[in-house]
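Have a look at the structure below, then the notes.
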Amino acid sequence: MPEAAAKTKADYWMADLSQAVDCTVMARGVEVVYEMGSEKIHALQGVDAQIFTGEYISIMGPSGSGKTTFFNVVGGLMKPSAGSVYIDEIDIAQLDAGELAWLRCRKIGYIFQSYNIVKVMTALENVMLPMLFAGVPQDEAQNRAVEILTRVGLGDRFLHTPKELSGGQQQRVAIARAFANKPAIILADEPTANLDLHTGEEIIALMKEMNREEGVTVICSTHDHKMLDISDRIMWMEDGRVKKLARRDEVDIKIDEFEEENKA
Amino acid sequence: MALSSLKLRMGRTLLTLLTVAACCAFLLFLLTAPISDDPAERQMWGLMITLSLLVSVAGVLNTMLMSVTQRYREIGTIKCLGALDSFVMLSVMLESALLGLTGAVFGIIGGLVLSTLVGLLEAGAGVFAAAYWTGLWWKVIVAALVGLGLTTLGAAFPAAVAARMPPVEAMRGEK
């Protein structure tokens, strides 16, 4: 079985890497199979990955590479068909729907490509929402929301609704909302894809800053090469597998090569 | 949240409100107006009430289902933020109950006006005598409860759809 052999090899490699550092996410032999009628689609075919506490990791890969699926599994949005995923040492396959909601609420912050700010609520209410779900008292939630909105540079726009905010400002609200419950992981799904170049850079800088100051692990899927530049590690996916996982300083030159590969 | 969501879909909501109101008005009218004791005629009225109730439930079902499907991404988002299924379900039910309550209030007013008018034709000034309105209170309460029950019934399925929706929906890009 060549599949098994490959997995073992990856395990050894992982073991070396993880010796000295804490892991926030640990994925072992993760497989996800979608059933579309009688057809089975193997979105992930045995993914092993360890994501260290406090690091900023970017995930790259063409569409259909399993990037989004990996994301959903790590984010506790979907259970793997096989293998296991540990988030903060919790095996998410063991959790029921209510416990998954708890995990999503306290351990994970989401940043979406299209912001997904609740339209009928103000910026402040949006940031308070996850805290209220977590059972934080109203006053406390409000204080924290004000504090964190000020942090992301929206100190004067608490009471604006998404309609009155630009894309970049909406994404800032989303970042504030993601950090509200002091999660262990921030999951960002192409956070700059809908933004212009300049605003995108600001958002990237903000995310990096929050990553450093709060010590939160950031997992970010992206096509944006500026995003890679600030990452600690970069993971490439292809055909439902991890094609490469490397530190930022190791791949400096190889980014171009990767581009060439992709073009071919 | 339920209130503002109703505001967003004002047009369709108003229409449903109207059917709920009409239904309650009709019910109250039949309860208060003097109807003949002929069993055949009573049966016909009963059938009409049932029909109007069914139409109303279908209306509520449609409105709430639309409200839920249009907010797929929003519901997915709040689930990502840690909302429990029960919270999502409750907020949909609450939205619907709000609609039902408003409909019932309007319906009761309409029904009373209708009953008074018909009473004026049949009994003349006697309509204003207290004796004409015996048992009005429980009739109003029945009509209000029916209005509320109707919307709750119609919202049960959409609420379940919303609650069971996977949070992954939020990850989808622009439609």
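We name chains A, B, ... by the order of the sequence lines, and we start the count at 1 in each one.
- Shortest non-hydrogen contact noted between A:Lys119 and B:Glu74 is N-OE1, 4.3 Å.
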Residues B:Leu84, A:Phe133; criterion side-chain contact (heavy atoms from CB on, under 4.5 Å); working and verdict: CA-CA 8 Å; B:Leu84 291 169; A:Phe133 287 141; over 6 Å; no
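- Counting heavy atoms from C-beta on, the side chains of B:Pro166 and A:Met78 never come closer than 4.5 Å.
- Of the inter-residue distances, the one linking A:Ile111 atom CD1 with B:Cys80 atom SG reads 12.0 Å to the nearest 0.5 angstrom.
- In this structure, B:Gly82 and A:Cys105 approach most closely via the heavy-atom pair CA-CB, 3.6 Å.
- Pairs engaging residues 88-111 of chain B under the ring-ring contact (aromatic ring centres under 6.0 Å, His included) rule: none recorded [sequence neighbours left out].
- To the nearest 0.5 Å, atoms CG (B:Leu81) and CE (A:Met128) are separated by 13.5 Å.
- B:Arg73 places no side-chain N or O within 3.5 Å of a backbone atom of A:Asn116 that could act as its donor or acceptor partner.
- Between B:Thr77 and A:Arg177, the closest side-chain pair of non-hydrogen atoms falls below 4.5 Å.
- Counted within 6.0 Å of CZ on A:Phe158, heavy atoms from surrounding residues, nucleotides or ligands total more than 12; the atom is thus considered enclosed.
- Within 6.0 Å of the NZ atom in A:Lys79, the count of heavy atoms belonging to other residues, nucleotides or ligands exceeds 12.
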